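Just so it is clear, the structure is predicted and the values come from calculations on it, not from any experiment. Chain identifiers are assigned alphabetically (A, B, ...) following the order of the sequence lines, protein sequences preceding nucleic acid strands; residue numbering begins at 1 within each chain.
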Number of protein chains: 2
Amino acid sequence: MAAEYAVRCVLYLAQQGSDVLVNRQEIASQARIPDSFLTKIAQDLARAGIITIKQGAKGGYALHRPPRQVNMLEVVEAIIGEISLNECVTKPAACPASPNCAANLVWQEARRRVRETLLAADFEALAKAGACVSPFPSPLSPPEARP
Amino acid sequence: MAAEYAVRCVLYLAQQGSDVLVNRQEIASQARIPDSFLTKIAQDLARAGIITIKQGAKGGYALHRPPRQVNMLEVVEAIIGEISLNECVTKPAACPASPNCAANLVWQEARRRVRETLLAADFEALAKAGACVSPFPSPLSPPEARP
DNA sequence: GATAAATAGGACTAAAATAATCCTATTTAT
DNA sequence: ATAAATAGGATTATTTTAGTCCTATTTATC
Ligand code: SF4
Ligand code: SF4
């Protein structure tokens with residue numbers, strides 16, 4: 001779930017526009033992320049330079065760049081590390097056969113394509129497409145209007 | 001590991017040719033699979049119609065079809081179930097946003113591509129390419145010659 | 001500067017998935 | 001009948017994932 005939560009968090013922020021500060025509780029409730037867990041996820045996202053965190057009173061999270069410049073690949077990998085599909089793809093040492101293994105090449109190709117797909121998915125497009133968070137069919141109360 | 005073990009097992013069998021019966025210990029040691037674990041994996045593969053199991057003395061496993069007609073996708077999915085990448089892809093009920101979510105579409109596309117890649121990888125090609133098991137650089141003793 | 005409202009970050013716990021083993025039963029060749 | 005195999009269920013151990021909690025720190029505001 002952690003990676004999925006991260007996507008929702010970033011998407012919610014993208015929908016508010018870049019550099020708009022949103023407090024954690026709002027994100028948590030609107031994107032349906034356990035609030036305490038979100039603190040962990042946010043830390044990873046901040047380390048990856050995807051969001052900025054403002055501490056203290058009136059603190060919160062904001063997107064660190066324009067949504068156009070954030071993609072699903074980096075968000076997901078900020079949380080779970082490099083996607084590998086099979087260990088031998090990213091750590092050849094894990095299997096002695098790897099230098100000479102056709103199956104390894106298949107995994108590499110599969111991985112390449114997944115990553116390529118996620119890379120192409122930027123959050124401007126996702127937010128525009130009405131994705132994920134905002135048009136929830138479920139009866140969540142909308143956040144307070146932002147002044 | 002289970003899916004990887006399955007690939008190695010099938011690959012080893014493919015290298016022996018289809019319908020060649022090989023006993024479990026040989027497969028386990030040549031493909032570096034814990035012997036007791038292989039019993040479980042073999043059962044899944046048999047259920048999926050990929051291998052046939054012969055019980056009793058002189059029993060063992062054999063490929064159920066020509067290697068050309070077996071691919072990595074079915075082998076992997078025989079073990080781990082359908083690849084989904086993100087739960088909402090195969091179980092839309094898992095997330096209320098799914099019918100209206102651009103991120104969901106991205107996951108679907110990524111999944112499509114992984115599966116497509118694995119589907120295209122048949123075991124005749126893999127075996128021919130000298131993949132995985134046979135040309136191990138490690139010092140494993142070769143199996144007894146088959147009469 | 002004091003206070004209150006936020007988040008940080010480490011320690012911890014709970015739950016689930018994965019990997020693997022073991023034991024008894026059954027099948028089959030000889 | 002015997003021995004050589006695998007089947008299959010029960011069980012265990014390990015790792016990963018998900019999530020919580022508590023104390024410390026940061027910052028806006030009065
Ligand atoms: S046998 Fe090939 S696919 Fe399997 S782990 Fe080794 S390198 Fe990877
Ligand atoms: S928000 Fe979209 S991507 Fe995330 S779980 Fe729901 S449907 Fe899937």
Side-chain angles (χ1 to χ4, degrees), chain A residues 1-9 13 20-29 31-48 51-62 64 76-87 91 94-95 143-144 146-147, chain B residues 1-9 13 20-29 31-48 50-62 64 76-87 94-95 143-144 146-147:
Chain A
M1 292 269 74
E4 167 59 26
Y5 289 155
V7 169
R8 285 194 215 159
C9 168
L13 291 175
V20 176
L21 202 66
V22 183
N23 86 29
R24 195 212 306 140
Q25 277 200 23
E26 176 182 327
I27 302 172
S29 76
R32 307 187 337 287
I33 305 169
D35 182 71
S36 56
F37 199 17
L38 180 52
T39 68
K40 300 306 170 191
I41 290 160
Q43 284 168 39
D44 285 343
L45 291 173
R47 255 175 249 128
I51 65 173
T52 49
I53 298 179
K54 187 174 181 206
Q55 292 196 67
K58 307 246 163 140
Y61 307 146
H64 182 57
V76 168
E77 295 198 333
I79 306 297
I80 63 170
E82 278 217 336
I83 289 171
S84 75
L85 298 191
N86 205 24
E87 199 187 4
K91 300 180 196 160
C95 177
E144 292 299 306
R146 229 178 305 285
Chain B
M1 292 269 75
E4 168 57 27
Y5 289 155
V7 170
R8 285 194 214 158
C9 168
L13 292 175
V20 177
L21 202 66
V22 183
N23 87 29
R24 196 211 305 140
Q25 277 200 24
E26 175 182 329
I27 301 171
S29 75
R32 308 188 333 290
I33 304 168
D35 181 71
S36 56
F37 199 17
L38 180 51
T39 69
K40 301 305 171 191
I41 289 160
Q43 285 168 39
D44 285 342
L45 292 174
R47 254 175 250 128
I50 295 167
I51 66 172
T52 50
I53 299 180
K54 188 173 180 206
Q55 292 196 68
K58 306 246 164 137
Y61 306 146
H64 182 57
V76 168
E77 294 198 334
I79 306 298
I80 64 169
E82 277 217 336
I83 289 171
S84 76
L85 298 191
N86 206 23
E87 200 188 3
C95 176
E144 292 299 306
R146 228 177 306 283

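Among dA20(C), dA7(D), dA18(D), the nucleotide with an atom closest to any side-chain atom of Met1(B) is dA20(C). With dA28(D), dA29(C), dA18(D) as the choices, the nucleotide that has an atom nearest any side-chain atom of Ala2(A) turns out to be dA18(D). Taking the side chain of Pro34(A) as heavy atoms from C-beta on, and the options dT7(C), dT26(C), dT20(D), the nearest nucleotide is dT20(D).
Protein atom NZ of Lys58(A) is 11 Å distant from nucleotide atom P of dA5(C), rounded to whole Å. A straight line from CG of Asn23(B) to P of dA29(C) spans 15 Å, rounded to a whole angstrom. Rounding to whole angstrom units, CD of residue Gln43(A) and P of dA6(C) are separated by 18 Å. In this structure, Glu4(B) places its CD atom 11 Å from P of dA19(C), rounding to the nearest Å. Taking atom CD1 of residue Ile41(B) and atom C1' of nucleotide dA7(D), one finds them 15 Å apart after rounding to whole Å. Counting to the nearest Å, the P atom of dT14(D) and the CZ atom of Phe37(B) are 15 Å from each other. If you take CG of Asp44(A) and C1' of dT17(D), they are 13 Å apart, rounded to a whole angstrom. Rounded to whole Å, the distance from NZ on Lys40(B) to C1' on dT21(C) is 9 Å.
Interatomic distance, CD1 of Ile80(B) versus CD of Glu82(B), reported as 10.0 Å (0.5 Å rounding).
By the 4.5 Å heavy-atom criterion applied to side chains, Ile79(A) and Leu45(A) are counted as neighbours.
With a cut-off of 3.5 Å on both Watson-Crick or G-U wobble distances, the partner of dA5(D) is given as dT26(C). In this entry dC12(C) has dG19(D) as its Watson-Crick or G-U wobble partner, both defining distances falling under 3.5 Å.
Here the rule is side-chain contact (heavy atoms from CB on, under 4.5 Å) with Leu38(B), and of Gln25(B), Arg24(B), Gln43(B) only Arg24(B) fits it.
In terms of heavy-atom proximity, Asn23(A) sits nearest to Gly59(A) at CB-O, 3.8 Å. Residues Leu21(B) and Lys58(B) share a closest heavy-atom pair of CD2-O, 3.4 Å.
For the pair Gln55(A) and dA8(C), the criterion of a side-chain N or O lying under 4.0 Å from OP1 or OP2 is not met.
When the nearest nucleotides of DNA chain D are assigned to Gln25(B) and Tyr5(A) by heavy-atom distance, the more 5′-ward of the two goes with Gln25(B).
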